[in-house]
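Note: hydrogens, waters and symmetry copies are ignored here, and every other heavy atom, side chains too, is used.
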Amino acid sequence: MAAAICTVHWARPQWDPGAHRLLSAEERDRYERLRNPADRNRFLTGRALMRTTLGTLLNCRPEDVPIRRDCRHCGQGHGKPYVPEARTRFSLSHSGTWVALAVCETGEPGVDVQQVGAGDYERLAPKVLSDVELGRFAALPAQVREAAFGIYWSRKEAVLKATGHGLVVPMTQLTVAGHRVPTSVLAFPGLPGGAAIALADLDAGPRYSAAVAVIGATSLVVDDRRVAALAQV
């Protein structure tokens with residue numbers, strides 16, 4: 001595979017009774033266990049966006065999309081969501097006032113959106129950045145470090161979501177290009193079979209950092225789509 005086309009759907013978290021009716025029993029249980037209203041809205045919007053978009057692509061009702069979560073590494077039910085027997089692959093992320101869904105027909109995508117300033121980046125940096133990245137990060141002017149950390153974080157999360165590792169593999173084992181450098185994976189021993197991986201930044205607006213990665217591609221074309229309301233997905 002040389003190039004991959006990835007569609008990224010964006011939506012604002014919101015309560016929608018029609019969206020709630022689309023949830024599976026397992027999803028409703030997870031929704032009810034969330035206590036924070038903002039977390040509930042992000043979860044509901046993400047699942048509705050995922051089910052409605054995939055239902056259109058797979059020509060079935062959103063509530064009938066057979067989403068599974070078997071981990072590809074251990075077989076347990078906490079893995080990246082997927083639809084058995086379907087060529088379409090997808091990845092979901094949410095942070096702050098954004099929910100993002102990446103859909104790809106020609107590779108395995110991973111998407112991540114991060115609200116910049118939501119955590120203590122100086123404290124987190126040694127737990128997230130590789131030795132190479134830490135050296136480059138420390139050399140940056142203080143006023144750009146917060147934004148630079150967000151770029152590192154979203155690029156790394158996108159790659160680890162694409163591979164299905166999530167947080168099983170420490171972020172420090174992965175090295176990506178950083179602040180004001182074109183997106184690329186510089187080193188990742190855990191990449192399956194040494195496969196190629198394409199990485200691109202996304203525009204989520206001020207105070208946000210976002211990226212999408214696709215395994216098996218050497219280049220990436222991103223089709224950004226903004227969803228005004230869940231009913232319009």
Side-chain angles (χ1 to χ4, degrees), residues 6-13 36 38-39 41-43 45-46 49 80 90-102 104 109-188 190-191 197-215 220 222-227:
C6 188
T7 304
V8 181
H9 303 263
W10 297 86
R12 298 291 189 180
N36 186 308
D39 290 338
N41 285 345
R42 281 188 286 265
F43 180 85
T45 300
L49 182 63
K80 178 182 177 182
F90 57 94
S91 177
L92 184 69
S93 180
H94 53 70
S95 181
T97 59
W98 276 124
V99 174
L101 174 72
C104 192
V111 68
D112 188 66
V113 57
Q114 295 289 332
Q115 187 173 23
V116 176
D120 183 354
Y121 68 94
E122 294 285 5
R123 179 182 59 82
L124 291 171
K127 301 178 181 179
V128 172
L129 305 182
S130 68
D131 290 341
V132 171
E133 293 166 337
L134 273 174
R136 294 171 179 169
F137 180 72
L140 291 172
Q143 64 269 26
V144 303
R145 285 183 192 164
E146 185 176 62
F149 181 77
I151 291 170
Y152 275 120
W153 185 291
S154 61
R155 290 178 178 182
K156 283 170 172 268
E157 281 269 23
V159 171
L160 292 175
K161 286 183 177 181
T163 64
H165 285 102
L167 296 178
V168 173
V169 172
M171 283 189 173
T172 54
Q173 292 187 13
L174 167 64
T175 300
V176 299
H179 183 64
R180 294 182 179 173
V181 177
T183 52
S184 63
V185 177
L186 302 179
F188 185 25
L191 193 60
I197 186 163
L199 183 60
D201 289 328
L202 302 171
D203 182 10
R207 304 297 297 174
Y208 283 89
S209 178
V212 61
V214 176
I215 295 179
L220 186 56
V222 177
D223 177 12
D224 253 341
R225 301 185 184 183
R226 308 286 160 148
V227 178

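- Side-chain contact check for E133 versus M171: every heavy-atom pair is 4.5 Å or farther apart.
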In sequence, state the C-alpha distance, the side-chain angles, and the governing distance for S154 and Y208, and then conclude on side chain to side chain donor-acceptor pair (under 3.5 Å).
CA-CA 9 Å; S154 61; Y208 283 89; over 6 Å; no
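- No donor-acceptor pair under 3.5 Å is formed between the side chain of R42 and the backbone N or O of S95.
- Looking at heavy atoms from C-beta onward, L202 lies out of side-chain contact with V113 at the 4.5 angstrom threshold.
- Not one N or O on the side chain of R207 forms a donor-acceptor pair closer than 3.5 Å with the backbone of Q115.
- Counting only distance, with no hydrogens or angles, the side chain of R155 and the backbone of A177 share a donor-acceptor pair below 3.5 Å.
- The neighbour count for D131 CG, taken as heavy atoms of other residues, nucleotides or ligands under 6.0 Å away, does not exceed 12.
- Contact annotation: the side chain of F137 approaches that of E122 to within less than 4.5 Å [non-hydrogen atoms, C-beta and beyond].
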Please test H179 against L140 for side-chain contact (heavy atoms from CB on, under 4.5 Å), starting from the C-alpha separation and ending with a verdict.
CA-CA 9 Å; H179 183 64; L140 291 172; 4.1 Å; yes
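- Both the sub-6.0 Å distance and the 45° axial angle are satisfied by R12 relative to the ring of W98.
- Distance alone, capped at 3.5 Å, places no donor-acceptor pair between the S209 side chain and the Q114 backbone.
- No donor-acceptor pair under 3.5 Å is formed between the side chain of K161 and the backbone N or O of D112.
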Could you give me the CA-CA distance, side-chain angles and deciding distance for Y152 and L134, then say whether side-chain contact (heavy atoms from CB on, under 4.5 Å) is met?
CA-CA 10 Å; Y152 275 120; L134 273 174; over 6 Å; no
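- Counting heavy atoms from C-beta outward, L186 and V132 have side chains that stay 4.5 Å or more apart.
- In this structure, the side chains of V169 and F188 come closer than 4.5 Å at one or more pairs of heavy atoms.
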